Amino acid sequence: MLLSPGYRRLLLLCVLLGVPIALACFFFVGLQHQLQHWVWTSLPEAAGYDTPPWWWPLPALVLAGLVLAPIVTRMPGAGGHLPVNGLGGPPVGPKALPGAVLAALATLPLGVVLGPEAPLMAVGSGLALLAVRRAGAGGDQRAGAILATAGSTAAISTILGGPVAAAVLLIEGAGLAGAQMVVLLLPCLLASATGSLVFTGFGQWTGLKIGALALPDLPPAANPDAGDFLWGVPTAALIAVLITLARELGHRTVSWTRRHTAVRTVACATAVGVCVAAYALITGRSPAEAALSGQAALAQLAADPHAWPVGALIALVACKGLAWGIALGSLRGGPIFPSVLLGTATAMACSGLPGFGVTPALALGVAAAAAAVTGLPLSSAVLAVLLTGGDAYDQMPLIVTASVVSFVVSQLVRRTDPETAPRPATGAAA
């Protein structure tokens, strides 16, 4: 099959698709970032506040619920996949794409405690399937599935920092092996590599911020020692328990919102706003730290971890974790970015323990949280390695250990409730 003319044409089409998908993702993320800056920076400053006051999330989240309710109940696709299901589910088709994009752009900037990764994947798969149908190849379901998966991978790679993490996520999530892996991996790698190149180059040309998951400044490098493993293993287990309990709340929220969906969607958004406002009241810090998806807060935490008191980190985990659990089952967005911040904040709160370093805590927090929310330990370890950059070589044993421990503990916790059985992180390949 790899040598057939049809497959070579498919590879070429994936390269070509990477360009428009990357441009669409760039403008999507850029617009979302600008709207977010307007809601949480420009508008409070215009109202005379240096930072958003503690009550700011309440009207913002009520508005988010009021906007989302008709999208969920009336538009095709119900605004996209529920984030409690991870990044799984069938590819979002062209008919459902407008609802997914509108839900994301209208609610993510308002602070629904979710990330942009799931809507980005919807953009990628929707545009790929639209291209297939426009080209008159809609009858070839296998080619359509490959192109949709390649489109999703190209889209998610733009915000994960490149094609490697996205490709590993695809392989592990789809459970592929052997020749089947190669057949699907090559189109996804080409599409995501082309997309990442265009996305990065266009961002440098325009100067617009895109809010990709990145840690430009890290604590001083330190090799993990016996103390880091002594405290790191139980910390990874604790992160897995917290993330899994929040997902359990998300599943219960799904069940609750199946009836009277519109009213209860607004109620859930309001509850999220209350949690975020509580964080601001308790800590005296900006509510944006708890309301937004977490990329900016994660970078700030990594750059200057000592600027966050332990009490503020605990309040962030409690308030944002509760808000995230509610949002998982009722609102729309991606689950990974907020979970990474929650895991990192938990690890940083524990880093004051004797013999537990800040840099090892940061690395294991990313890996443990990602493994718990995705159920993909290898992808989570790769993501943590890419984020920690030059420190990754020394931290790799701890990263891998934390990822495996978190995955095992999360599976044990989920097994107690059949309704919370793990779902694959990405189901486009199915």
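These figures come from a predicted structure and were not determined experimentally.
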Sub-3.5 Å donor-acceptor pair from the side chain of [X] to the main-chain atoms of [Y], do we have one?
| X | Y | result |
| --- | --- | --- |
| Arg247 | Val373 | yes |
| Arg264 | Arg258 | no |
| Lys320 | Ser339 | no |
| Thr257 | Val254 | yes |
| Thr265 | Thr261 | yes |
| Ser125 | Ala122 | yes |

So, taking the atom named [atom1] in [X] and the one named [atom2] in [Y], what distance separates them when rounded to the nearest 0.5 Å?
| X | Y | atom1 | atom2 | result |
| --- | --- | --- | --- | --- |
| Gln32 | Cys25 | CD | SG | 12.0 Å |
| Thr388 | Gln395 | OG1 | CD | 7.0 Å |
| Asn85 | Leu328 | CG | CG | 9.5 Å |
| Ser406 | Ile243 | OG | CD1 | 8.0 Å |
| Leu82 | Ser330 | CG | OG | 8.5 Å |
| Leu130 | Lys95 | CG | NZ | 12.0 Å |

Flag side-chain contact, heavy atom, 4.5 Å: [X] against [Y]:
| X | Y | result |
| --- | --- | --- |
| Glu45 | Asp50 | no |
| Ser380 | Phe407 | no |
| Leu362 | Thr344 | yes |
| Val409 | Val241 | yes |
| Leu242 | Leu342 | no |
| Thr346 | Ile314 | no |
| His37 | Ser42 | yes |

For the pair Arg332 and Val72, evaluate side chain to side chain contact (heavy atoms under 4.5 Å, CB included) and give the outcome as yes or no after the intermediate values.
CA-CA 9 Å; Arg332 298 297 185 269; Val72 170; 3.5 Å; yes
Does Arg285 count as lying over the ring of Trp308, i.e. NZ or CZ under 6.0 Å from the six-ring centre, within 45 degrees of the axis?
yes
Mind listing the closest non-hydrogen atom pair of [X] and [Y] along with its distance?
| X | Y | answer |
| --- | --- | --- |
| Ala361 | Ala347 | O-CB, 3.1 Å |
| Gly232 | Leu364 | CA-CD2, 3.7 Å |
| Gly86 | Pro335 | CA-CG, 4.0 Å |
| Pro305 | Ala303 | CD-C, 3.7 Å |
| Ala240 | Ala372 | CA-CB, 3.9 Å |
| Thr253 | Cys268 | CG2-SG, 3.7 Å |

Chi angles and distances behind the side chain to side chain contact (heavy atoms under 4.5 Å, CB included) call for Leu322, Leu249
CA-CA 8 Å; Leu322 181 59; Leu249 175 60; 3.6 Å; yes
Would you please name every residue forming a side chain to side chain donor-acceptor pair (under 3.5 Å) with Ser410, sequence neighbours left out?
none
Between Leu298 and Val340, is the side chain to side chain contact (heavy atoms under 4.5 Å, CB included) condition met? List the steps.
CA-CA 8 Å; Leu298 181 64; Val340 170; 3.7 Å; yes
Flag yes if more than 12 heavy atoms outside Trp38 fall under 6.0 Å of its CH2 atom; otherwise flag no.
no
What verdict does the side chain to side chain contact (heavy atoms under 4.5 Å, CB included) test give for Ser286 and Trp56, after you've listed the backbone C-alpha separation in whole Å, the side-chain angles of each residue and the deciding distance to 0.1 Å?
CA-CA 10 Å; Ser286 171; Trp56 195 264; over 6 Å; no
When the side chains of residues 101-120 are checked against the rest of the protein, which donor-acceptor pairs come out under 3.5 Å, sequence neighbours left out?
residue	atom	partner	partner atom	Å
Thr107	OG1	Ala103	O	2.5
Glu117	OE2	Ile336	N	2.6
Glu117	OE2	Phe337	N	3.3

